[in-house]
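Below is one structure, written out as structure tokens; the observations come after it.
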Amino acid sequence: MLYFSELLNKKVITEKQQELGTLTDVLFLYEEEPKVVKIVVKTSHPSHLNVPSLTIPITNLVKLNTHIIVHEDYESLPPIEQEMSVSEYLLDKQIIDLVGNEMLRVNDVVIQDSPYYYISGVEIGALGILRRLGVEKQFTKALQFININLSPQLLSWGDIQNIELGQGVIQLKQREEKISKLHAEDLANYLEKTNIKNAAKLLKVLDKKKSADIIENLNITYQDELFHALKPDRAASFIDVMEPDDAVDILLTFSQEKRNDILELVTPRQQKKLKHLLGLSKTPVGHALTSEFVTVLSDATVQDVFKTLRDETNEFSRLSTLYVVNEKQQLVGVFNLHELILQKPDTPVYKFMIQDPIVIHLTTPIEIVINKLFKYKLAALPVLDKNKEILGIVTMDDMGDFVLKKNT
Amino acid sequence: MKHIFSGIKSRLFLFLAVFGPATITAMADNDASGVATYSIAGAKLGYPILFILFITTILLAVTQEMGMRLAVVTRKGLGDLIREQFGIKTSFFIFLSLLVANMGTIIVDVAAIKTTSSMLHLPIIPSIVFILALSILFIIKGNYKTNQNIMLVSCLFYFAYIFSAIKSNPNWGDAASNLLVPHGVSFTPSYWKDYIVIGMGVLGTTITPWGQFFISSFSYDKKIDLKKLKYSQFETYWGAFLTNFFSFFMVVATAATLYFHAIPLVSGEQAALAIKPFAGDLAGTLFAVGILNAGFMGIVTVSLSTAYAFSEFFGLSGSLDASFQKSKVFYAIFIFQLVVAGIIVLFPFISLFKLVIATQALNAMTLPFIFYYLIKLTSNKKVMGEHRNSAFQTYFAIGSTILILFASIYTLIITLFNL
């Protein structure tokens, strides 16, 4: 994750260290998933290159650290009509927060760098202003003295609407249609902020596969509420298209009676799979739970994390993954030690953590836990309660024991 | 016949619907420090300073109209537009100078309340605390409509000055003719020097940086329809006329008494006391009550304009119609300024006189910058469309800005080096 302000005025050089200029703008496509397409570079020696500015496709970007490095034989293509400029249409402009239903100002723009560059949202809080004025670090340090911790206030792309663009510069599609093309995770986030009734209504207009994706991305409390709001036939139609592992996870949070009601309505093929999984070992995950895990707050810096590791993990037999929680102790992200070591000491955790961790629940059958560990190649899985708080973790080592015992 | 009447009636109704922002801004221009300046101007220079007042009225009308038009056409405040068009650093520095200059103005207003209440034999600390608390309550509890109405009623207090002026038996003919051509006194070089410095003060207290922000934010908050732009324009001109209509009487009241009898005036507030022997006790008391009211108006509008500007520049929701909880920062800024001003005035650890000078200097220096952005925005076709400035408006405004810039530099040098 990057901020636009961090890219602004960065030096742009070629692989052979030829200086081209500084980055002044970023162009993106105004659509459901706003991909970054080009960077605008103000040339530092216009006479050298014979142009005042270059518009270099993002595909020519090689690396992005202290400098922005582009291919030796970079191209410069003129911007086309559909490409919008961040500084002209987003930065410092007013947006409508669709969820909170209010007008806000964009203080900074959040750009995701993987799997490709796209704009994931905007920063509307005071931290954004401080960063733009170049005093973010000094200020946050000073505020920490009086025990005030500023955290970034981000709004995701799905939650906002640009006023200028909404006013007719570019015609927006119908809201539902627009929503149906968002990332499932973003949509889930969006849904979690509206009420169940709205959510159920929205899910109705989306196709089943998409709905199922979104439901899988909802937190368990919300899933629970949502499924209770749905009639069994509708619930069944979602269960139908979900991954069996995840479907079982959800089904297990229901009472035996309701679970059977839903199962009756599921297509025979899926029903067979689900019944098989449900009939597997009744060994609850609780037996395999360990409390050897570390949580850190999302705005803690890398330095803070190292300190936590030194202070708290002396007795640990093994540690590979760290879990990130918010102030309510709810799991919001995850990262491993390797990812940690690569960061600078003062980088906050939320900038590099993975935001959608794979999780399990106390009701998850051990077989499914093992499936997930293999499928996602993880060393451990966090077990969450209904409030999204971590109860403990289940490690690959412990599951190995289980598999061995079962086979002998 | 009936037709014509109903036409007039509906037009009057339309005017009343947009009535408010410009009148309030213009009247608040006559805040306590304004009253003090006009009093000194009248007492020291007599009727000829009315000529400056006349020019100021036109300047005020033109600039206020631009600010109002900008808000009605774009549906945004001046702060919003500066942030969007010129970026965050420009916004930050403009806001900072606005904050400091406004802080100064508020302190001067609170100080005027302090001196006036002691002249009226009111207990000083309770009066200040009362007026500050009243202002805070007024803004937090009220909504746009009641606040506007209270402010408009408060404007009625300015009639006190008309009464004071009449009681001072002025030569109305001399006063009126001096509006167009200064005459009737001996124009010595030292008189001219005072004339420019005080004239600058008159200009500076009437056309202010906060006034530019306030008119645009208040028009925006009133949600005036673009179709009613003409009526709003008329209201701005009317407001500019009204403010200086009352200023006229302030100047006349002191010119007819204190200048005529060559009574020196150390501070503006003392005018209330000084005119008593010539205009009678009632006129003096009314003058003082007028200052108290002007102080209240000044405190509310100036601190409100800082809060408005802050929310526009930095995107935190701010409106008189928003609940207290929702616009916490908006109200926090408003209250912060009042509390700081109250503390500084009650425990004067800074020389108030130096503060007044510094405030005026800062106001004068900020103004050309704000005009620069205002003119740039209102002349921009992309922003204003068909409602952008005419060539005459642009050149007139640029000319005035340059004039103000030079006059303020001159005043600053004179004041700083005691020439």
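Letters go in sequence order (proteins before strands), and every chain restarts at 1.
The side-chain contact (heavy atoms from CB on, under 4.5 Å) test with B:I88 singles out one residue from A:D108, A:I129, A:L91, and that residue is A:I129.
Scanning both residues, A:V106 and B:R83, for their nearest heavy atoms gives O-NH2, 3.3 Å.
Remark: B:Y373 OH is packed, more than 12 non-hydrogen atoms of other residues, nucleotides or ligands lying under 6.0 Å away. Within a 6.0 Å sphere centred on NZ of A:K351, other residues, nucleotides and ligands contribute more than 12 heavy atoms. More than 12 heavy atoms of other shown residues, nucleotides or ligands fall within 6.0 angstrom of atom CZ in A:F352. Residue B:F369 qualifies as open at atom CZ: its count of foreign heavy atoms under 6.0 Å is 12 or below. In this structure, A:Q138 places its CD atom where more than 12 heavy-atom neighbours from other residues, nucleotides or ligands lie under 6.0 Å away.
Of the possible polar contacts, one joining the A:K93 side chain to the B:E84 backbone as a donor-acceptor pair under 3.5 Å is found.
How far CZ of B:F92 is from CG of A:L130: 8.5 Å, rounded to the nearest 0.5 Å. Going from atom CZ of A:R105 over to atom OG of B:S91 covers 8.0 Å, rounded to the nearest 0.5 Å. With rounding to the nearest 0.5 angstrom, the CZ atom of B:F86 is 12.0 Å from the CG atom of A:D92.
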